[in-house]
Number of protein chains: 2
Amino acid sequence: MKQRPATIRDVARRAGVSVASVSRALNGHENIREETRGRVMRAIADLQYVPNAAARSLSNAKTGTLGVVLPDLYGEFFSELIRGMDKAASDHGYLLLLSTMHADPALAGQALAVMRGRVDGVIVMAPQLSRETIDALMPAELPGVEVISEASADRPSIGIDNRAGGAMGARHLLNIGRRRLAHIMGHENNFDARQRRDGFVEAVTKAGAAEPLIAIGDFREDSGARAVENWLKRGDSFDGLMAANDMMAIGAMEALRAHGLRIPEDVAVIGFDDIPLARHLGLSTIRVHVAEIGSDAVNRLVAMIKNGQIGPTAHNQPLELVARASTLGGPA
Amino acid sequence: MKQRPATIRDVARRAGVSVASVSRALNGHENIREETRGRVMRAIADLQYVPNAAARSLSNAKTGTLGVVLPDLYGEFFSELIRGMDKAASDHGYLLLLSTMHADPALAGQALAVMRGRVDGVIVMAPQLSRETIDALMPAELPGVEVISEASADRPSIGIDNRAGGAMGARHLLNIGRRRLAHIMGHENNFDARQRRDGFVEAVTKAGAAEPLIAIGDFREDSGARAVENWLKRGDSFDGLMAANDMMAIGAMEALRAHGLRIPEDVAVIGFDDIPLARHLGLSTIRVHVAEIGSDAVNRLVAMIKNGQIGPTAHNQPLELVARASTLGGPA
DNA sequence: CTGTTAGCGCCTTCAA
DNA sequence: TTGAAGGCGCTAACAG
């Protein structure tokens with residue numbers, strides 16, 4: 001039945017040449033006669049020979065695969081990121097080895113350790129871990145790039161300019177005449193969340209508007225709704241609201257409407273990410289080109305693998321303001 | 001700087017034992033004294049030794065990774081599937097090697113070939129390929145399971161009962177009193193699309209209702225809208241519509257509303273998948289538990305790897321009718 | 001241009 | 001319980 005797959009030696013025997021020649025033919029070396037190459041190729045086809053990847057890696061210390069370590073993957077964001085990575089990876093002839101990394105640093109370390117010896121480089125996304133933790137965990141001998149994390153002092157990182165995004169949102173609300181602004185941020189210990197808030201607050205302050213309301217959410221729909229409920233209950237009023245992501249903005253919109261407030265007449269709302277839902281619900285947002293972040297990360301990593309480490313470089317994918325119904329129209 | 005990672009020999013030297021003992025300690029064998037094991041473990045910690053995966057695979061013909069070959073996937077479906085797979089895989093101590101497979105059978109073959117020797121088994125999803133093509137492409141010596149494909153005669157497959165889903169949708173529309181039904185299917189050569197249509201048509205026929213209108217879409221929003229446009233233009237009328245997925249249903253709803261038709265009063269609409277958008281737009285749908293399909297596939301594959309091939313078994317994840325605003329209320 | 005051969009790092013008989 | 005040694009399949013010197 002399931003016979004042992006052909007090895008390079010079987011091919012050599014069948015083609016009547018040495019294993020070296022087979023290897024040369026296989027790897028497209030120059031120093032081999034066309035006729036010999038032909039014989040080898042025929043033997044390979046006859047035997048349905050496929051080189052053993054493990055042996056190959058062992059021998060030349062290359063695996064042809066890139067490790068990708070991500071947090072728990074929910075939603076569109078990840079499929080976009082992975083899609084972008086996969087595209088770039090396969091363009092370069094690499095495969096992707098996937099692993100999710102949990103918040104627990106010990107487990108996170110495991111995720112990275114398992115990759116050693118199976119990949120030529122790693123892409124890590126760990127917004128939930130501190131810079132020190134990440135630095136301590138990254139295998140030193142492996143080229144690595146970080147995605148959507150605080151810019152590293154050691155490695156290249158690709159991300160988004162969260163501060164700029166927060167500021168874009170604030171300015172947009174101010175531009176359409178809103179003056180009493182509010183912001184729903186993500187977890188306090190999430191890097192992106194803090195940056196977006198800082199950018200938002202800074203832009204508001206710079207414009208001379210009143211200090212904005214700030215609530216802490218968790219990037220999920222419910223938390224957006226809760227934030228709004230709390231404000232309204234306390235009698236806090238605002239006419240412009242930015243949430244640190246679209247899901248919270250959507251939750252917020254529902255809560256606002258539930259309280260009879262009109263969008264955008266009473267409160268203009270803007271989110272962050274531009275998930276598909278945003279378009280369908282007419283939610284203004286800051287668009288992030290997620291797939292590009294992924295391919296960018298892979299391209300950079302591949303460059304590192306080929307040309308050696310390139311040190312820290314922070315690259316931000318450009319953001320884009322997408323104005324929709326939730327912020328259209330003049331002030332209340 | 002970047003010194004060579006420690007090998008098993010370094011550990012042996014440091015611990016003052018032989019490599020065999022290190023290997024035994026590492027793999028939790030019994031025939032080794034506790035004290036020796038301790039010495040080895042300490043040396044491992046000191047040296048930050050991590051076994052080289054390639055060498056290990058070469059030596060025991062196991063890779064500890066599962067190959068996943070998917071079509072170009074957009075959206076939530078993809079991340080859910082991967083999430084489910086990743087969860088199950090990491091539970092079993094496996095990593096996932098990802099690759100996308102394009103519609104071109106030649107390229108599809110490549111995707112699978114690259115996996116050979118790097119994985120212990122493969123999960124393939126290829127609804128766009130014919131059964132024969134898939135069978136021809138699947139490496140015979142590798143355990144494989146198929147997902148969301150036509151049930152195979154050789155391998156286990158995990159999927160959904162598309163016919164039942166189509167029928168569920170039809171019956172629901174009939175139950176709420178609709179009699180002139182329409183269905184927007186996916187690509188003619190997509191297995192799922194055909195099955196859903198067949199289930200739909202069969203249920204309608206069985207109920208003695210008029211033969212439904214059928215349009216061919218491509219699973220994307222636009223095609224749902226176009227289908228509706230065409231029907232309306234031709235003067236075809238219907239009061240119940242099922243699309244083969246939510247995106248097309250959403251496109252259809254927009255087109256219906258653009259023509260002044262009310263949902264569900266004039267036309268009740270139901271989709272398939274239950275993507276997050278569906279809930280937000282109040283679209284009734286047939287819910288698919290995607291993550292479970294993924295973990296189920298992995299569990300089955302791991303079982304095959306451990307216990308040998310298990311032959312063809314078709315397993316369907318249960319479907320669930322989710323009734324929302326788009327089908328609530330009585331007939332027109 | 002081609003063949004021989006020594007590793008790559010690990011596991012695993014086989015002896016001791 | 002331990003060590004020595006062969007072999008997994010492939011690549012890359014090194015000779016011819």
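Labels below follow one simple rule: chain letters A, B, ... track the order of the sequence lines, proteins then strands, and each chain is numbered from 1.
A salt bridge is absent between A/D46 and A/R42; no separation between the charged side-chain nitrogens and carboxylate oxygens falls under 4.0 Å. Under the 4.0 Å criterion applied to side-chain N and carboxylate O atoms, B/R14 and B/D10 are not assigned as salt-bridge partners. With respect to A/D91 and A/K87, a salt bridge is recorded, a charged nitrogen being found less than 4.0 Å from a carboxylate O. Under 4.0 Å is where a charged nitrogen must lie from a carboxylate oxygen, and between B/E146 and B/R300 no such pair does.
Side-chain contact between B/V290 and B/F78 is absent, with no heavy atoms from C-beta onward closer than 4.5 Å. Here the side chains of A/L26 and A/I44 are in contact, with some heavy-atom distance below 4.5 Å.
Taking atom CZ of residue A/R37 and atom P of nucleotide C/dC1, one finds them 10 Å apart after rounding to whole Å.
Screening B/M115, B/M138, B/M125 for a side-chain contact (heavy atoms from CB on, under 4.5 Å) involving B/V69 leaves a single residue, B/M115.
Put simply, the side chain of B/D86 never gets that close to the backbone of B/I82: no donor and acceptor are under 3.5 Å apart.
Between the axis at the start and the axis at the end of the helix from C/dC1-D/dG16 to C/dA16-D/dT1 there is an angle of 40°, using five pairs per end and rounding to 10 degrees.
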>> Generate the contact string for nucleotides 9-16 of chain C. Rules: B means base contact, S means sugar-phosphate contact only, - means no protein heavy atom under 4.0 Å.
In response: BBSB----

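Look at A/T36 and you'll find a side-chain N or O under 4.0 angstrom from OP1 or OP2 of C/dT2.
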